[in-house]
Amino acid sequence: MTTLNSRVPEGPIKDKWTIYKDKINLVNPANKRNIDIIVVGTGLAGGSAAATLAELGYNVKAFAYQDSPRRAHSIAAQGGINAAKNYMGDGDSNYRLFYDTVKGGDYRSREANVHRLAEVSGAIIDQCVAQGVPFARDYGGLLDNRSFGGVLVSRTFYAKGQTGQQLLLGCYSAMNRQIARGKIEMFNRHEMLDVVKVDGKARGIIARDLVTGEIERHSAHAVVIATGGYGNVYFLSTNAMGSNATAAWKVHKKGAFFANPCFTQIHPTCIPRSGDYQSKLTLMSESLRNDGRIWVPAKIEDAKAIQQGKLKPTEIAEEDRDYYLERRYPAFGNLVPRDVASRAAKERCDAGFGVNATGEAVYLDFAAAIQRYGSEKAKIQGLHNPSKEEITKLGEAVIEAKYGNLFQMYEKIVDENPYKTPMMIYPATHYTMGGVWVDYNLMTTVPGLYCIGEANFSDHGANRLGASALMQGLADGYFVLPYTIGDYLADDIRTGKIPTDSPEFDAAEKEIKDKLEFFINNKGTHSVDYYHKKLGNVMWNKVGMARNAKGLTEAIEEISEIREDFWKNVKVPGNLNELNPELEKAGRVADFLELGELFAKDALHREESCGGHFREEHVTEDGEAKRDDANFAYVAAWEYTGKPSEAILHKEQLEFKDIELKTRSYK
Ligand SMILES: Cc1cc2nc3c(=O)[nH]c(=O)nc-3n(C[C@H](O)[C@H](O)[C@H](O)COP(=O)(O)OP(=O)(O)OC[C@H]3O[C@@H](n4cnc5c(N)ncnc54)[C@H](O)[C@@H]3O)c2cc1C
């Protein structure tokens with residue numbers, strides 16, 4: 001085991017980034033024209049990086065497996081994006097955003113990176129407004145903010161329930177400008193299947209044209225991975241169905257360490273699963289917790305009657321409801337962080353108080369907010385003695401203006417009107433804080449190989465606060481990577497084009513072709529989904545919201561058995577040289593089957609509870625997560641050595657010089 005060097009610059013935390021930028025090497029504009037950069041992934045992280053690097057003058061080759069960057073999973077982001085602008089005058093500052101993020105991540109993130117994130121957050125909003133992103137505005141025309149979990153200020157900028165989509169359109173316009181100038185060459189419908197290293201440095205990739213099946217070689221002076229998170233290792237998640245870990249896992253196998261794989265976020269407000277044939281789960285944005293109150297029946301007999309369909313939530317009197325978050329966490333109430341809210345929901349449901357037929361759901365209720373907003377509107381409109389119906393109508397209109405598309409989505413899926421009856425929600429896999437380890441420069445342990453956005457192990461420690469993923473992805477792409485990569489590339493101005501006819505490219509291409517041919521020729525008995533679901537079941541039941549040593553040990557064993565069976569009996573229909581979604585999935589599930597095992601191994605070794613990682617053996621008397629700072633205040637970065645079970649642990653010790661290490665409390 002070695003201790004990792006995070007290359008955090010010297011100096012006081014608030015000056016580190018400035019000092020760093022003043023001192024790094026720069027590449028002059030004429031030389032940038034001779035340098036190629038590959039960006040894999042064009043969601044918010046990769047798209048913003050590609051656009052900015054091209055604007056700076058580098059030659060960018062960008063890759064995405066969808067038919068357009070506009071379809072990246074980032075489009076699904078609903079709630080908003082954080083920035084410490086303090087537009088609401090409620091006491092926000094860069095320091096508070098930094099503090100909230102480190103605390104929210106349960107003190108398992110790198111202070112210097114998080115501070116830099118807070119510092120550049122304001123610039124992201126300015127950049128996006130300049131691009132024309134239609135953020136919500138208040139009555140006076142200023143940008144509006146709302147609250148998200150784990151903080152006591154309103155710092156979330158939003159565009160109705162479509163923030164990711166609008167940000168992505170802004171980013172896509174910036175990319176298009178560069179595509180039109182010829183500075184970005186866009187490879188849609190291309191999947192990166194491996195990275196190519198030459199003399200120890202990342203110098204290119206092997207990609208498959210998903211339409212023709214052709215295997216292609218692409219070279220560059222540096223490679224950036226921006227391929228999103230690995231939540232689909234659980235099969236069911238709120239991620240897009242195509243989201244996968246292949247790029248991140250392939251670079252791991254080529255020498256990039258993989259950090260904290262067990263740090264996964266289970267989001268508290270998702271539509272509960274309805275059966276075994278479901279292929280995806282749907283998020284109800286955290287923004288709904290601004291106005292929705294979460295509860296279950298206080299009496300077990302009421303819960304049973306609801307589960308049997310004999311009682312309706314609207315028939316339960318106020319005093320017979322248990323607003324358990326408000327009861328347990330009076331300071332933050334319904335706006336506790338996601339890990340805390342998810343565990344509290346599970347606790348109530350495990351105790352028998354769940355509210356749908358499966359007993360795995362709690363209510364998210366807008367009745368009080370509708371009445372509150374309705375009364376306020378009636379006053380503004382000068383209505384004297386308005387009737388309950390009038391107030392309800394006015395209140396529903398306010399709720400519709402704020403969350404209309406989310407309510408409509410809920411109604412379409414569940415076939416119940418959430419204005420009239422509380423929504424049902426339950427936790428689901430949503431985001432992965434773990435990922436490829438990167439230093440302060442966002443460079444992996446492979447020189448010239450960078451990783452940004454959700455794909456890296458990021459700034460969120462063991463739990464991400466709502467609306468901070470978009471902030472991090474865009475910070476990485478617009479404002480951090482464009483500086484740090486220049487410092488590295490300054491040494492490459494005389495290198496010239498990287499040839500693709502080298503033995504390294506030959507070997508990488510051969511390996512890929514052999515594997516693809518194996519899948520087509522195996523003619524096994526079970527579909528790829530059959531294995532993916534089996535893996536997902538093990539992950540959810542034994543490596544999910546609550547974990548223990550026995551379950552994790554079993555999971556490691558079971559995952560390796562599923563993997564063995566997969567390689568013997570998987571069946572992939574169709575051919576190599578055509579559009580073949582089953583073949584695409586086969587490669588992705590093969591990688592999930594390895595990643596899942598490392599994930600469980602990481603969870604087993606981390607003998608503490610922190611953030612989204614909840615070990616049943618490490619709990620305080622009142623049921624909260626119990627951290628072990630003396631032994632586990634480090635990033636666990638794993639080195640691949642041939643098998644996930646044999647991965648070697650490297651530690652990056654975390655130092656807390658500017659924030660005091662405390663027990664997290666939201667009470
Ligand atoms: C339903 C939902 C709602 C969310 N809402 C919010 C929110 O309100 N606020 C917030 O801050 N966060 C939110 N998040 C989280 C946030 O959306 C994501 O973390 C973020 O968008 C990830 O961006 P990214 O650019 O890193 O990756 P993605 O947007 O996932 O993009 C990945 C890109 O990589 C490409 N790619 C992947 N693998 C390959 C490969 N092998 N070869 C080629 N290309 C590849 C894809 O084509 C795509 O272009 C939400 C997440 C979900 C699931």
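Whatever order the structure lists them in is the order used to number ligands and atoms, beginning at 1.
Contacts of Val40 with ligand 1, taken as heavy-atom pairs under 4.0 Å, involve the side chain alone. The side chain of Leu283, and not its backbone, has at least one atom closer than 4.0 Å to an atom of ligand 1 (non-hydrogen atoms only; side chain from C-beta on). When non-hydrogen atoms are compared, ligand 1 lies under 4.0 Å from neither the backbone nor the side chain of Arg71. No part of His267 comes within 4.0 Å of ligand 1, judged by heavy-atom distances. Proximity of Ala207 to ligand 1, defined as any heavy-atom pair under 4.0 Å, is not found for any part of the residue.
Here is the list of ligand 1 atoms found below 4.0 Å of a heavy atom in Gly228: 26 (O), 27 (O), 30 (O), 32 (C). Counting atoms of ligand 1 from 1 in the listed order, those under 4.0 Å from a heavy atom of Ser468 are 11 (O). Below 4.0 Å from some heavy atom of Gly453 lie the following atoms of ligand 1, by number and element: 26 (O). Annotation for ligand 1: atoms under 4.0 Å from non-hydrogen atoms of Asn239 are 53 (C). Applying the 4.0 Å criterion to heavy atoms of Gly79 picks out, from ligand 1, the atoms 7 (C), 8 (O). Near Ala64, meaning under 4.0 Å from one of its heavy atoms, ligand 1 places the atoms 44 (N), 47 (O), 49 (O). Heavy-atom contacts of Phe63 reach the following atoms of ligand 1: 44 (N) (cutoff under 4.0 Å). Close approach to Thr238 involves these atoms of ligand 1, each under 4.0 Å from a residue heavy atom: 1 (C), 53 (C).
Using 4.0 Å as the threshold, Ala226 has a heavy atom nearer than that to some atom of ligand 1. Residue contacts with ligand 1 do not include Gly229, since none of its heavy atoms lies under 4.0 Å from the ligand. Using a non-hydrogen distance threshold of 4.0 Å, Gly473 does not register as a contact of ligand 1. Within the 4.0 Å heavy-atom shell around ligand 1 one does not find Ile81.
Classified by interplanar angle (parallel below 30°, tilted 30° to 60°, perpendicular above 60°), the ring pair His532/Phe592 is parallel.
Checked against a 6.0 Å centroid threshold, the rings of Tyr65 and His190 do not count as neighbours. A centroid separation of 6.0 Å or more is found between the aromatic rings of Tyr431 and Tyr230. In summary, the aromatic rings of Phe157 and Tyr87 are positioned with their centroids under 6.0 Å apart. You'll find the ring centres of Phe235 and Trp540 outside the 6.0 Å limit. Checked against the 6.0 Å centroid threshold, Phe263 and His460 do not count as a close aromatic pair. For Phe63 and His218, the ring centers are positioned less than 6.0 Å apart.
For atom 43 (C) of ligand 1, the candidate residues are Gln78, His190, His73; the nearest heavy-atom contact is made by His190. The option with the heavy atom closest to atom 11 (O) of ligand 1, from among Leu470, Asp591, Asp476, Asn456, is Leu470. For atom 4 (C) of ligand 1, the candidate residues are Ser237, Ala77, Gly587; the nearest heavy-atom contact is made by Ala77. Scanning Glu454, His430, Met192 for the heavy atom closest to atom 42 (N) of ligand 1 points to Met192.
Atom 39 (C) of ligand 1 has its closest protein heavy atom at Thr227 CG2, 3.6 Å. Closest protein heavy atom to atom 48 (C) of ligand 1: Gln66 OE1, 3.7 Å. Nearest to atom 9 (N) of ligand 1 among the protein's heavy atoms is Gly80 O, 2.8 Å. Distance from atom 14 (N) of ligand 1 to its nearest protein heavy atom, with residue and atom name: Arg464 NH2, 3.8 Å. Among protein heavy atoms, the minimum distance from atom 12 (N) of ligand 1 is reached at Ala469 CB, 3.5 Å.
Residue Thr246 has no N or O atom closer than 3.5 Å to an N or O atom of ligand 1. Not one N or O of Gly466 is nearer than 3.5 Å to an N or O of ligand 1, by distance alone. Residue Ser74 has at least one N or O atom closer than 3.5 Å to an N or O atom of ligand 1. Checked by distance only, ligand 1 and Ala45 come closer than 3.5 Å through their nitrogen or oxygen atoms. Of the polar atoms of Leu44, at least one N or O is found under 3.5 Å from an N or O of ligand 1, judged by distance alone. On a distance-only criterion, Tyr65 and ligand 1 share at least one N/O pair closer than 3.5 Å.
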For Ser219 and Thr500, run side-chain hydrogen bond (donor to acceptor under 3.5 Å, both in side chains): C-alpha distance rounded to whole Å, both residues' side-chain angles, the deciding distance at 0.1 Å, then the answer.
-> CA-CA 6 Å; Ser219 70; Thr500 56; 5.8 Å; no
Stepwise salt bridge (charged side-chain N to carboxylate O under 4.0 Å, His left out) test for Glu119 and Arg116 = CA-CA 5 Å; Glu119 276 174 83; Arg116 175 176 65 188; over 6 Å; no
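The main-chain N or O of Val528 is never found under 3.5 Å from a side-chain atom of Lys585 such that the two would form a donor-acceptor pair.
In Arg71, the CZ atom is not crowded: 12 or fewer heavy atoms of neighbouring residues, nucleotides or ligands sit closer than 6.0 Å.
Stacking of Arg217 on the aromatic ring of Phe505 is not recorded, the 6.0 Å distance cut-off and the 45° axial limit not both being met. Remark: Arg146 is positioned above the aromatic ring of Tyr158, its terminal NZ or CZ atom under 6.0 angstrom from the ring centre and at most 45 degrees off the axis.
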